[in-house]
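In this text the structure is predicted, and so the values were computed from the model without any measurement. Throughout, numbering of the chain's residues begins at 1 and tracks the sequence.
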Amino acid sequence: MSSEIKADKWSPASGTSATIGDSGDTYTVPSGVTLDTSSSTLTLPSSVITGQSAKTSLVDADKFLISDSAASGALKYVEKQYLPSGTLIEIAEANVTSNVGSYFFSNVFSSTYDSYFLDLRKLRFASDAGLQMRLLSNSTTGEFSGAYYQYAFYGLDAVNNEERDFGNGDTKFALGRTQDADSSSDGGITGNMYFYNPFANNSSSLNVVGQFAYRDDSNVFNGINFAGNYSGTSARYGFVLFGSQNINQLQATLYGIVK
(Lines give C-alpha, C1' and ligand atoms only; values in the text may rest on other atoms or scores of the structure.)
Protein backbone atom coordinates (compact mmCIF):
# COMPACT_ATOMS: atom_id res chain seq x y z
CA MET A 1 0.00 0.00 0.00
CA SER A 2 1.35 3.44 -0.87
CA SER A 3 0.01 6.96 -0.71
CA GLU A 4 1.15 10.54 -1.03
CA ILE A 5 0.51 13.40 1.36
CA LYS A 6 0.77 16.97 0.16
CA ALA A 7 0.63 19.81 2.70
CA ASP A 8 2.18 23.22 3.24
CA LYS A 9 2.82 22.63 6.95
CA TRP A 10 2.84 19.82 9.50
CA SER A 11 2.30 20.85 13.13
CA PRO A 12 2.21 18.72 16.29
CA ALA A 13 -0.64 18.97 18.72
CA SER A 14 -0.28 21.76 21.28
CA GLY A 15 2.31 20.94 23.95
CA THR A 16 3.59 17.84 22.19
CA SER A 17 6.33 16.94 19.72
CA ALA A 18 5.80 15.25 16.39
CA THR A 19 7.32 11.94 15.33
CA ILE A 20 7.75 10.95 11.71
CA GLY A 21 7.93 7.23 11.12
CA ASP A 22 9.29 4.47 13.30
CA SER A 23 12.78 3.37 14.23
CA GLY A 24 14.45 1.62 11.31
CA ASP A 25 12.37 3.36 8.65
CA THR A 26 14.22 4.78 5.67
CA TYR A 27 13.35 8.10 4.05
CA THR A 28 14.67 9.03 0.64
CA VAL A 29 15.34 12.69 -0.10
CA PRO A 30 15.33 13.37 -3.85
CA SER A 31 18.30 15.16 -5.40
CA GLY A 32 17.94 18.91 -5.58
CA VAL A 33 15.89 19.17 -2.37
CA THR A 34 17.21 21.77 0.07
CA LEU A 35 16.50 22.18 3.77
CA ASP A 36 16.10 25.65 5.26
CA THR A 37 17.55 25.59 8.79
CA SER A 38 17.69 29.36 9.27
CA SER A 39 15.00 29.35 11.97
CA SER A 40 15.31 25.85 13.39
CA THR A 41 17.79 23.28 14.63
CA LEU A 42 18.49 20.16 12.62
CA THR A 43 19.77 17.17 14.60
CA LEU A 44 21.53 14.43 12.65
CA PRO A 45 22.56 11.02 13.99
CA SER A 46 26.28 10.42 14.53
CA SER A 47 26.12 7.67 11.91
CA VAL A 48 25.97 10.42 9.27
CA ILE A 49 29.73 10.63 9.90
CA THR A 50 30.66 7.34 11.55
CA GLY A 51 28.76 5.33 8.97
CA GLN A 52 30.94 6.58 6.13
CA SER A 53 34.23 5.15 4.92
CA ALA A 54 37.40 6.71 6.36
CA LYS A 55 39.93 8.67 4.33
CA THR A 56 43.50 8.58 5.58
CA SER A 57 45.19 10.98 3.17
CA LEU A 58 43.75 14.44 2.53
CA VAL A 59 44.13 16.50 -0.63
CA ASP A 60 43.76 20.25 -1.00
CA ALA A 61 40.27 20.03 -2.56
CA ASP A 62 38.75 17.98 0.30
CA LYS A 63 35.95 19.91 2.03
CA PHE A 64 34.89 20.35 5.69
CA LEU A 65 31.46 21.59 6.80
CA ILE A 66 31.57 24.62 9.11
CA SER A 67 29.25 27.07 10.83
CA ASP A 68 30.35 30.53 9.75
CA SER A 69 30.32 32.75 12.85
CA ALA A 70 30.78 35.82 10.66
CA ALA A 71 27.54 35.00 8.80
CA SER A 72 25.18 34.23 11.71
CA GLY A 73 26.21 30.60 11.80
CA ALA A 74 25.37 29.89 8.16
CA LEU A 75 26.55 26.50 6.96
CA LYS A 76 29.52 26.70 4.60
CA TYR A 77 32.43 24.50 3.60
CA VAL A 78 36.15 25.14 3.74
CA GLU A 79 38.75 23.29 1.70
CA LYS A 80 41.73 21.58 3.26
CA GLN A 81 44.13 23.90 1.43
CA TYR A 82 42.78 26.87 3.42
CA LEU A 83 43.08 25.28 6.85
CA PRO A 84 46.01 26.40 9.02
CA SER A 85 48.68 23.74 9.38
CA GLY A 86 52.09 23.28 10.94
CA THR A 87 55.25 23.61 8.92
CA LEU A 88 56.72 20.32 10.22
CA ILE A 89 55.08 16.99 9.36
CA GLU A 90 56.43 13.95 11.22
CA ILE A 91 57.83 11.33 8.84
CA ALA A 92 59.71 8.88 11.06
CA GLU A 93 60.57 8.31 14.72
CA ALA A 94 63.61 6.45 16.07
CA ASN A 95 63.73 5.01 19.57
CA VAL A 96 66.67 2.68 20.24
CA THR A 97 67.33 1.45 23.79
CA SER A 98 69.71 -1.48 23.13
CA ASN A 99 72.66 -2.13 20.84
CA VAL A 100 72.16 -2.04 17.07
CA GLY A 101 74.91 -1.88 14.47
CA SER A 102 73.32 1.06 12.61
CA TYR A 103 69.97 2.75 12.23
CA PHE A 104 68.20 3.18 8.88
CA PHE A 105 65.72 5.94 8.17
CA SER A 106 64.44 3.99 5.15
CA ASN A 107 62.03 5.26 2.49
CA VAL A 108 61.57 8.65 4.18
CA PHE A 109 62.44 11.00 1.28
CA SER A 110 59.92 11.51 -1.52
CA SER A 111 58.68 14.13 -3.94
CA THR A 112 56.18 15.34 -1.31
CA TYR A 113 58.74 17.61 0.41
CA ASP A 114 61.79 19.44 -0.86
CA SER A 115 63.32 19.87 2.61
CA TYR A 116 63.48 17.81 5.80
CA PHE A 117 64.47 18.43 9.42
CA LEU A 118 66.12 15.88 11.72
CA ASP A 119 65.72 16.45 15.48
CA LEU A 120 68.47 14.36 17.09
CA ARG A 121 67.72 14.37 20.80
CA LYS A 122 70.37 11.79 21.75
CA LEU A 123 72.61 9.25 20.05
CA ARG A 124 75.08 7.35 22.19
CA PHE A 125 77.39 4.54 21.14
CA ALA A 126 78.23 1.50 23.26
CA SER A 127 81.85 2.73 23.29
CA ASP A 128 83.55 5.94 22.19
CA ALA A 129 82.95 6.51 18.46
CA GLY A 130 82.19 9.22 15.93
CA LEU A 131 78.77 9.56 14.28
CA GLN A 132 78.69 9.03 10.51
CA MET A 133 75.97 9.13 7.86
CA ARG A 134 75.34 7.75 4.38
CA LEU A 135 72.41 8.29 2.02
CA LEU A 136 70.27 5.42 0.79
CA SER A 137 70.05 4.38 -2.85
CA ASN A 138 66.71 2.56 -2.55
CA SER A 139 63.68 2.33 -0.28
CA THR A 140 65.24 -0.30 2.00
CA THR A 141 68.92 -0.43 3.10
CA GLY A 142 70.98 0.15 -0.05
CA GLU A 143 73.71 2.75 0.62
CA PHE A 144 75.45 5.26 -1.60
CA SER A 145 79.06 4.48 -0.66
CA GLY A 146 80.87 6.11 -3.60
CA ALA A 147 83.27 9.04 -3.14
CA TYR A 148 80.64 11.74 -3.66
CA TYR A 149 80.51 13.18 -0.14
CA GLN A 150 81.98 16.60 0.73
CA TYR A 151 81.71 18.04 4.21
CA ALA A 152 83.26 20.40 6.72
CA PHE A 153 82.59 21.10 10.37
CA TYR A 154 84.03 23.70 12.70
CA GLY A 155 83.53 24.61 16.35
CA LEU A 156 85.13 25.03 19.75
CA ASP A 157 85.45 22.93 22.83
CA ALA A 158 84.86 24.15 26.36
CA VAL A 159 88.54 25.02 26.87
CA ASN A 160 88.77 27.09 23.66
CA ASN A 161 90.38 24.51 21.37
CA GLU A 162 89.20 24.38 17.78
CA GLU A 163 87.16 21.38 16.70
CA ARG A 164 87.36 20.97 12.94
CA ASP A 165 87.59 18.45 10.11
CA PHE A 166 86.65 18.07 6.45
CA GLY A 167 86.18 15.52 3.71
CA ASN A 168 86.43 15.97 -0.06
CA GLY A 169 85.42 12.99 -2.18
CA ASP A 170 84.72 10.95 0.95
CA THR A 171 82.46 7.91 1.18
CA LYS A 172 80.29 9.24 4.03
CA PHE A 173 79.56 12.30 6.18
CA ALA A 174 81.41 12.52 9.52
CA LEU A 175 79.25 14.47 12.01
CA GLY A 176 81.95 15.52 14.43
CA ARG A 177 84.90 13.78 16.04
CA THR A 178 84.89 10.85 18.48
CA GLN A 179 82.10 11.22 21.04
CA ASP A 180 82.25 10.08 24.64
CA ALA A 181 79.98 7.16 25.55
CA ASP A 182 80.73 6.44 29.19
CA SER A 183 77.89 8.49 30.67
CA SER A 184 74.21 7.81 30.01
CA SER A 185 73.38 11.28 31.33
CA ASP A 186 75.45 13.47 29.02
CA GLY A 187 77.43 11.14 26.77
CA GLY A 188 76.75 10.89 23.05
CA ILE A 189 75.68 13.57 20.58
CA THR A 190 72.65 15.84 20.25
CA GLY A 191 71.72 18.34 17.56
CA ASN A 192 69.74 18.87 14.37
CA MET A 193 70.17 18.75 10.61
CA TYR A 194 68.37 20.09 7.55
CA PHE A 195 68.27 18.13 4.27
CA TYR A 196 67.75 20.17 1.10
CA ASN A 197 66.57 18.44 -2.08
CA PRO A 198 67.23 14.92 -0.74
CA PHE A 199 64.98 13.15 -3.28
CA ALA A 200 66.63 14.94 -6.23
CA ASN A 201 63.33 16.24 -7.59
CA ASN A 202 65.32 18.21 -10.17
CA SER A 203 68.23 15.74 -10.57
CA SER A 204 70.52 17.91 -8.44
CA SER A 205 72.94 17.24 -5.61
CA LEU A 206 71.97 17.30 -1.94
CA ASN A 207 73.04 19.81 0.71
CA VAL A 208 72.83 19.33 4.46
CA VAL A 209 73.56 21.72 7.32
CA GLY A 210 73.39 21.18 11.06
CA GLN A 211 74.57 21.93 14.57
CA PHE A 212 75.78 19.34 17.05
CA ALA A 213 76.97 19.15 20.65
CA TYR A 214 78.87 16.36 22.38
CA ARG A 215 81.64 15.47 24.82
CA ASP A 216 84.69 14.14 23.03
CA ASP A 217 86.75 11.13 24.11
CA SER A 218 88.74 13.42 26.41
CA ASN A 219 85.49 14.29 28.25
CA VAL A 220 85.56 17.89 26.96
CA PHE A 221 82.32 19.46 25.73
CA ASN A 222 82.23 20.53 22.06
CA GLY A 223 79.87 22.51 19.87
CA ILE A 224 80.16 22.44 16.05
CA ASN A 225 78.50 23.70 12.88
CA PHE A 226 78.30 21.19 10.04
CA ALA A 227 77.77 21.50 6.27
CA GLY A 228 77.84 18.75 3.68
CA ASN A 229 77.14 18.03 0.02
CA TYR A 230 76.44 14.80 -1.84
CA SER A 231 77.25 15.46 -5.50
CA GLY A 232 75.49 12.42 -6.97
CA THR A 233 72.18 13.25 -8.69
CA SER A 234 70.30 9.95 -8.34
CA ALA A 235 67.26 9.87 -6.09
CA ARG A 236 68.03 9.48 -2.38
CA TYR A 237 65.41 7.58 -0.39
CA GLY A 238 66.71 8.00 3.15
CA PHE A 239 69.86 7.78 5.27
CA VAL A 240 71.64 5.57 7.75
CA LEU A 241 73.36 6.59 11.00
CA PHE A 242 76.34 4.50 12.10
CA GLY A 243 79.82 4.51 13.64
CA SER A 244 82.67 2.19 14.51
CA GLN A 245 80.69 0.94 17.55
CA ASN A 246 77.12 -0.22 18.09
CA ILE A 247 74.44 2.40 18.69
CA ASN A 248 73.27 1.92 22.28
CA GLN A 249 70.75 4.76 22.54
CA LEU A 250 68.90 6.81 19.92
CA GLN A 251 65.97 9.19 20.11
CA ALA A 252 65.33 11.17 16.94
CA THR A 253 62.47 12.43 14.77
CA LEU A 254 62.50 13.27 11.07
CA TYR A 255 60.04 15.87 9.73
CA GLY A 256 59.04 16.99 6.27
CA ILE A 257 58.97 20.78 5.90
CA VAL A 258 55.81 22.23 4.34
CA LYS A 259 56.48 25.05 1.88
Side-chain angles (χ1 to χ4, degrees), residues 56-59 86-127 129-151 153 167 170-176 179 181 188-212 214 226-259:
T56 59
S57 179
L58 298 177
V59 298
T87 57
L88 297 179
I89 305 300
E90 183 174 331
I91 303 297
E93 176 79 17
N95 185 21
V96 173
T97 57
S98 59
N99 287 348
V100 296
S102 55
Y103 190 88
F104 288 85
F105 283 84
S106 296
N107 202 28
V108 293
F109 297 150
S110 71
S111 59
T112 302
Y113 306 102
D114 292 332
S115 305
Y116 294 78
F117 175 74
L118 176 65
D119 176 32
L120 181 62
R121 295 183 294 281
K122 172 65 73 72
L123 187 151
R124 187 167 63 91
F125 290 102
S127 300
L131 178 59
Q132 301 173 48
M133 175 189 291
R134 284 198 186 104
L135 301 167
L136 301 184
S137 59
N138 57 36
S139 60
T140 54
T141 59
E143 300 179 29
F144 283 117
S145 57
Y148 294 97
Y149 295 83
Q150 289 74 233
Y151 69 88
F153 63 79
D170 211 321
T171 60
K172 81 283 183 185
F173 291 135
L175 309 182
Q179 294 124 36
I189 183 171
T190 59
N192 57 72
M193 175 177 283
Y194 289 90
F195 298 79
Y196 298 103
N197 193 47
F199 195 60
N201 295 338
N202 54 2
S203 298
S204 296
S205 61
L206 169 146
N207 287 328
V208 292
V209 296
Q211 295 178 311
F212 299 97
Y214 55 88
F226 175 92
N229 169 267
Y230 178 79
S231 59
T233 57
S234 299
R236 284 78 58 165
Y237 293 86
F239 58 95
V240 56
L241 300 175
F242 65 97
S244 59
Q245 302 293 327
N246 285 339
I247 296 173
N248 179 260
Q249 181 184 4
L250 172 61
Q251 286 85 42
T253 309
L254 182 73
Y255 300 91
I257 302 177
V258 179
K259 291 182 179 179

With sequence neighbours left out, what residues match F104 under ring-ring contact (aromatic ring centres under 6.0 Å, His included)? none

Is it true that F109 and Y237 have ring centroids separated by less than 6.0 Å? no

To the nearest 0.5 Å, what is the distance between OG on S145 and CZ on R134? 5.5 Å

Would you indicate whether Y103, at its atom OH, is surrounded by more than 12 heavy atoms from other residues, nucleotides or ligands within a distance under 6.0 Å? yes

Tabulate below the donor-acceptor pairs under 3.5 Å that side-chain atoms of residues 239-251 make, not counting sequence neighbours, or state none.
| unit_1 | atom_1 | unit_2 | atom_2 | d |
| --- | --- | --- | --- | --- |
| N248 | OD1 | R124 | NH2 | 3.1 |
| N248 | ND2 | N99 | OD1 | 2.8 |
| Q249 | OE1 | R124 | NE | 3.3 |
| Q249 | NE2 | Q251 | OE1 | 3.3 |
| Q251 | NE2 | N95 | OD1 | 3.4 |

Qualifying residues under ring-ring contact (aromatic ring centres under 6.0 Å, His included), relative to F173, sequence neighbours excluded: Y149, F226

Tell me every residue that passes ring-ring contact (aromatic ring centres under 6.0 Å, His included) with Y151, counting only those two or more places apart in sequence or in another chain. none

Search all heavy atoms of L131 against all heavy atoms of Q179 and return the closest pair with its distance. N-NE2, 3.3 Å

Taking all non-hydrogen atoms of both residues into account, name the closest pair between F144 and L136 and its distance. CE1-O, 3.5 Å

Do the side-chain N and O atoms of N207 and N229 include a donor-acceptor pair separated by under 3.5 angstrom? yes

Closest non-hydrogen contact found for A200 with S234 is CB-O, 3.9 Å

Let me see the working for I91 and F105 under side chain to side chain contact (heavy atoms under 4.5 Å, CB included), right down to the final yes or no. CA-CA 10 Å; I91 303 297; F105 283 84; over 6 Å; no

Please enumerate all residues that pass ring-ring contact (aromatic ring centres under 6.0 Å, His included) together with F125, with sequence neighbours excluded. none

Taking atom OH of Y255 and atom CG of N192, what is their separation to the nearest 0.5 Å? 11.5 Å

Any idea which heavy atoms bring T253 and E90 closest together, and the distance? CG2-CG, 3.8 Å

For the student: nearest non-hydrogen atoms of S127 and A181, plus distance: C-CB, 3.5 Å

Any salt bridge (charged side-chain N to carboxylate O under 4.0 Å, His left out) involving residues 92-112? Give me the pairs, sequence neighbours left out, ordered by first then second residue. E93-R121

Tightest non-hydrogen contact, residues F212 and G191, listed as CD2-CA, 3.9 Å

Residue pair M133, V208: steps toward the side chain to side chain contact (heavy atoms under 4.5 Å, CB included) verdict: CA-CA 11 Å; M133 175 189 291; V208 292; 5.6 Å; no

Can you classify the ring geometry of Y116 versus Y113 as parallel (below 30°), tilted (30 to 60°) or perpendicular (above 60°)? perpendicular

From E143 atom CD to S137 atom OG, the distance as rounded to the nearest 0.5 Å: 8.0 Å

Quick one: pull up OG1 in T87 and CZ in F117 and give me the separation to the nearest 0.5 Å. 10.0 Å

For the CG atom of L88 and the CG atom of L254, what is their distance to the nearest 0.5 Å? 10.0 Å

Rounded to the nearest 0.5 angstrom, the OH-CD distance for Y194 and Q211 is 9.0 Å

